[in-house]
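Here is the structure we will look at.
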Amino acid sequence: FHAVRNLARIGRGSVVMRWSQLGFGRTSTTSRAQATPRNLMGFKDGTNNIKLEDERALADHVWVAPDAEPAWLRGGTYLVTRRIRMLIEVWDRASLDDQERTIGRRKGSGAPFGRADEFDQVDLAATPVDAHIRLAAPAENAGRRILRRGYSFTEGMDIELGQLDAGLFFISYQNDPASFVALQRRLAGSDALDEYVKHTGSALFACPPGTRQGRYVGETLFG
């Protein structure tokens with residue numbers, strides 16, 4: 001919040017903030033030092049996320065390659081955001097068995113079907129064909145992976161529907177937007193989770209590479 005305030009102050013007269021989304025409680029791990037958090041559905045989220053210690057995976061799937069085009073984005077990444085409303089009331093009425101089959105993991109331990117521990121390799125043969133983690137698995141998507149970093153959100157009540165307006169503000173980083181599009185298309189037609197969520201907004205951003213002391217972000221584009 002204070003970072004946004006400072007950016008707004010510095011940019012006064014030149015830029016105006018168009019939109020914002022307040023979130024809380026990260027919904028995926030980005031380091032092996034972190035415990036896996038739970039999302040608003042009560043499940044551990046982001047178990048198989050790329051971790052900052054996975055330098056090879058980051059180079060292969062997140063950072064734009066040194067020989068890629070456009071040249072100004074080399075070393076940067078693409079950011080996808082999606083505002084995903086969770087139909088909390090519908091979800092809460094579902095049985096535990098239905099919830100677990102929808103996700104493909106046990107709610108308590110986070111272990112995939114047919115396994116004992118959260119971090120055990122997913123057994124695709126033991127996982128329902130329409131389970132979320134099976135459809136999103138790299139093995140089912142030509143090895144594609146993304147770096148997730150989402151947050152939960154709540155906007156209080158939807159007065160017209162008399163339901164909670166809450167869910168996941170999904171954020172992912174990848175070195176090619178086409179990877180996310182292919183993954184999303186795989187989920188769109190078959191994911192059992194679609195019964196419990198509604199996508200209400202999305203956007204794509206190009207993120208320039210980092211910078212050094214005395215330089216600025218975006219210098220590769222404007223410099």
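Small disclaimer: the values here were computed from a predicted structure and weren't measured. Note that these values count all heavy atoms, side chains included, but never hydrogens, waters or copies made by symmetry.
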inquiry  = Quick check on Gln121: does its CD atom have over 12 non-hydrogen neighbours (other residues, nucleotides or ligands) under 6.0 Å away?
reply    = no

Under a 4.5 Å side-chain heavy-atom rule over Ile, Leu, Val, Met, Phe, Trp and Tyr, are [X] and [Y] clustered together?
X      : Y      : answer
Ile159 : Leu87  : yes
Leu204 : Leu221 : yes
Leu58  : Val64  : no
Leu168 : Leu193 : yes

State, yes or no, whether a side-chain contact exists between [X] and [Y] at a heavy-atom distance under 4.5 Å.
X      : Y      : value
Val197 : Met41  : yes
Tyr151 : Ile171 : yes
Glu69  : Arg74  : yes
Phe24  : Thr154 : yes

ask   = Per the side-chain contact (heavy atoms from CB on, under 4.5 Å) rule, which among Leu73, Asp176, Asn175, Ile146 passes with Tyr78?
value = Leu73

ask   = Between Trp91 and Phe43, how do the two ring planes meet: parallel, tilted or perpendicular, split at 30° and 60°?
value = perpendicular

[X] side chain to [Y] backbone, donor-acceptor under 3.5 Å:
X      : Y      : value
Arg26  : Arg149 : no
Thr77  : Gln174 : yes
Gln163 : Asp158 : no

Quick one: pull up [atom1] in [X] and [atom2] in [Y] and give me the separation to the nearest 0.5 Å.
X      : Y      : atom1 : atom2 : value
Arg5   : Met17  : CZ    : CE    : 11.5 Å
Leu164 : Glu155 : CG    : CD    : 11.5 Å
Thr29  : Asp45  : OG1   : CG    : 9.0 Å
Lys107 : Asp97  : NZ    : CG    : 12.0 Å
Asn48  : Ser28  : CG    : OG    : 11.5 Å
Arg185 : Leu183 : CZ    : CG    : 12.0 Å

task = Kindly confirm or rule out a cation-pi arrangement of Arg83 over Phe170, judged by NZ or CZ under 6.0 Å from the six-membered ring centre and within 45° of its axis?
result =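 The answer is no; the distance or angle limit is not met.
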
query = After noting the C-alpha distance and the side-chain angles of Asp54 and Arg32, does the key distance pass the side-chain contact (heavy atoms from CB on, under 4.5 Å) rule?
reply = CA-CA 10 Å; Asp54 301 331; Arg32 292 195 181 97; 2.4 Å; yes

task = Would you list the pairs meeting side-chain hydrogen bond (donor to acceptor under 3.5 Å, both in side chains) in which at least one residue belongs to residues 127-140, sequence neighbours left out?
result =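 Sorted result for residues 127-140: His132-Asp191, Glu140-Arg186.
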
inquiry  = Does Leu22 form a side-chain contact (heavy atoms from CB on, under 4.5 Å) with Phe153? I'd like the steps, not just the answer.
reply    = CA-CA 7 Å; Leu22 294 177; Phe153 74 85; over 6 Å; no

message = Does either side chain, that of Glu219 or that of Thr211, offer a donor lying less than 3.5 Å from an acceptor on the other one?
response =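 There is no such pair (donor and acceptor under 3.5 Å, judged by atom type) between the side chains of Glu219 and Thr211.
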
